[in-house]
Visitor: 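Here it is, the structure, as structure tokens.
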Amino acid sequence: MDRGLDVFNTLPADDVRELLLSCCAAPGWAAAVAAGRPYADRAALTAAGRARIGALPWPEVVGAVAAHPRIGRPPTGTGRDAEWSRREQAAATAASGTAASAAGTVASGPGVATELAEVNDAYEQRFGYRFLIFANGRSAAELVAAARQRLHHDPDTEQGVVRTELGDIAALRLGRLVDDMAAPAPLSSHVLDTTTGTPAAGIAVRLDAADPEGGWRTVATGHTDADGRLRDWVPGAGWAAGTYRLVFDVADRLGADAFYTEIPVVFTVRDAARHHHVPLLLSPYGYTTYRGS
């Protein structure tokens, strides 16, 4: 059994669409891939991802391309896609002396960096959108050469190339997404409505991690199931000791007269190998939380 694929196939539609946007930032693509579930195997999922990119209207393709960092500049975001790019860049630096990612590359040396900037500018002036290439494992010189070669394409030919490159990136990231889902979930929750004595189903929950440089970055989102539980929603890959914040959106559940509309629960993980369970007991004018097991 492919546990990661099983989790992917059974997640609520809203949650899986949000996760898919980290693979390709085209809402139409994420909706179509989510709607195609369940997938029999990873090959079927990858094939569907590529096919859906081929069917996207061109403006949506351009929007997805714009979500990737410009070649030669590292990602600056805090989401899953930015984390993947940083991981890819680190691996490429160790392997070839350049920091490359599926979405962008940081070249070594000012000369190559200048060439990348120049070819980016030329490409954007030629076609009107950002240069995108599946850069994983390619040197900076190879990227420059590929960009210069593609400058000679006519617009229709280049649009076909862009769809292929975007499909390659999405395929790589779909695999990573399913891999993340295969790891044991390190955090669970259970929300109970003490007013009605029933599980609180459908509560939107967000998990944020404290950024060492200040602020928070979202690492997972989910909704409680019919039993009020959140189980396989936080990928085990990348889970580490640190400070986290669970944010429960309870406005709809508690109603217009409730005092609390959103409940943040901040906690510290000291042993990342241990499973953490953080339940929430709700009432219109108060709440209780504790560390469970």
Visitor: Check W216 against Y244 and note the closest heavy-atom contact, atom names and distance.
Guide: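 Smallest heavy-atom distance, with atoms named: CZ3-C, 3.8 Å.
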Visitor: If you compare all heavy atoms of I169 against all heavy atoms of I133, which two are closest, and at what distance to 0.1 Å?
Guide: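 Nearest heavy atoms, I169 then I133: CD1-O, 4.0 Å.
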Visitor: Using 4.0 Å as the upper bound for N to carboxylate O, is an ion pair formed by R253 and D193?
Guide: yes
Visitor: Which value, rounded to the nearest 0.5 Å, describes the distance between L207 atom CG and T218 atom OG1?
Guide: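 One finds 8.0 Å between CG of L207 and OG1 of T218.
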Visitor: Only pairs under 3.5 Å count here: list side-chain donor-acceptor contacts from residues 45-52, not counting sequence neighbours, and write none if there are none.
Guide:
residue, atom, partner, partner atom, Å
T46, OG1, R42, O, 3.1
R50, NH1, D168, OD1, 2.6
R50, NH2, D168, OD1, 3.4

Visitor: Starting at OH of Y285, measure out to CG of L254 and round the result to the nearest 0.5 Å.
Guide: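 Here the rounded value is 9.5 Å.
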Visitor: Please round to the nearest 0.5 Å and tell me the distance separating atom CG of L280 and atom CG of L246.
Guide: 9.0 Å
Visitor: Can you find a heavy atom in the side chain of D154 that is under 4.5 Å from one in the side chain of T157?
Guide: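 The answer is yes; the side chains approach within 4.5 Å.
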Visitor: Are P284 and T195 packed together at the side-chain level, in the sense that at least one heavy-atom pair is separated by less than 4.5 angstrom?
Guide: yes
Visitor: Please find the pair of heavy atoms, one from C24 and one from A64, that lie closest to each other, and give the distance.
Guide: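 Closest approach of C24 to A64: SG-CB, 4.0 Å.
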Visitor: Measure across E118 and R148 and return the closest heavy-atom pair with its distance rounded to 0.1 Å.
Guide: OE1-NH2, 4.5 Å
Visitor: Quick check: do E262 and V247 have side-chain heavy atoms less than 4.5 Å from each other?
Guide: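 Yes, close enough: below the 4.5 Å cut-off.
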Visitor: Do the non-hydrogen side-chain atoms of L282 and V250 ever get within less than 4.5 Å of each other?
Guide: yes
Visitor: Check whether any side-chain heavy atom of V178 lies under 4.5 Å from a side-chain heavy atom of L174, and answer yes or no.
Guide: no
Visitor: Could you tell me which non-hydrogen atom of V161 sits nearest to which non-hydrogen atom of H153, and how far apart they are?
Guide: CG2-CE1, 3.8 Å
Visitor: Taking the side chain as C-beta and beyond, is there a heavy-atom pair between R217 and D208 under 4.5 Å?
Guide: no
Visitor: Are V219 and L21 connected in a single hydrophobic cluster, I mean Ile/Leu/Val/Met/Phe/Trp/Tyr linked by side-chain heavy atoms less than 4.5 Å apart?
Guide: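 The answer is no; the residues belong to distinct hydrophobic clusters.
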Visitor: Just how far is it from atom CG of L5 to atom CG of D41, taken to the nearest 0.5 Å?
Guide: 7.5 Å
Visitor: Please check if V33 and L19 belong to a single hydrophobic cluster, counting links between Ile, Leu, Val, Met, Phe, Trp and Tyr side chain heavy atoms closer than 4.5 Å.
Guide: yes
Visitor: So, taking the atom named CG in L281 and the one named OH in Y287, what distance separates them when rounded to the nearest 0.5 Å?
Guide: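 Taking CG in L281 and OH in Y287, the distance rounds to 12.0 Å.
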Visitor: Sequence neighbours left out, what passes ring pair (Phe, Tyr, Trp, His ring centres under 6.0 Å) with Y123? Give chain and number order.
Guide: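 In terms of ring pair (Phe, Tyr, Trp, His ring centres under 6.0 Å), with neighbours along the sequence ignored, Y123 is linked to F127, Y129, F131.
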Visitor: Mind listing the closest non-hydrogen atom pair of E115 and V144 along with its distance?
Guide: OE1-CG1, 3.9 Å
Visitor: Between S22 (side chain) and E18 (backbone), is there a donor-acceptor pair under 3.5 Å?
Guide: no
Visitor: So, are D14 and R17 salt-bridged, with charged N and O less than 4.0 Å apart?
Guide: yes
Visitor: Without placing hydrogens or testing angles, list every side-chain donor-acceptor pair under 3.5 Å for residues 181-189, not counting sequence neighbours.
Guide:
residue, atom, partner, partner atom, Å
S188, OG, H275, NE2, 2.8
S188, OG, H277, ND1, 2.7
S189, OG, V278, O, 2.7

Visitor: To the nearest 0.5 Å, tell me how far L172 CG sits from F134 CZ.
Guide: 4.5 Å
Visitor: For the CG atom on D227, are there more than 12 heavy atoms of other groups (residues, nucleotides or ligands in this structure) within a distance under 6.0 Å?
Guide: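 Result for CG/D227: enclosed.
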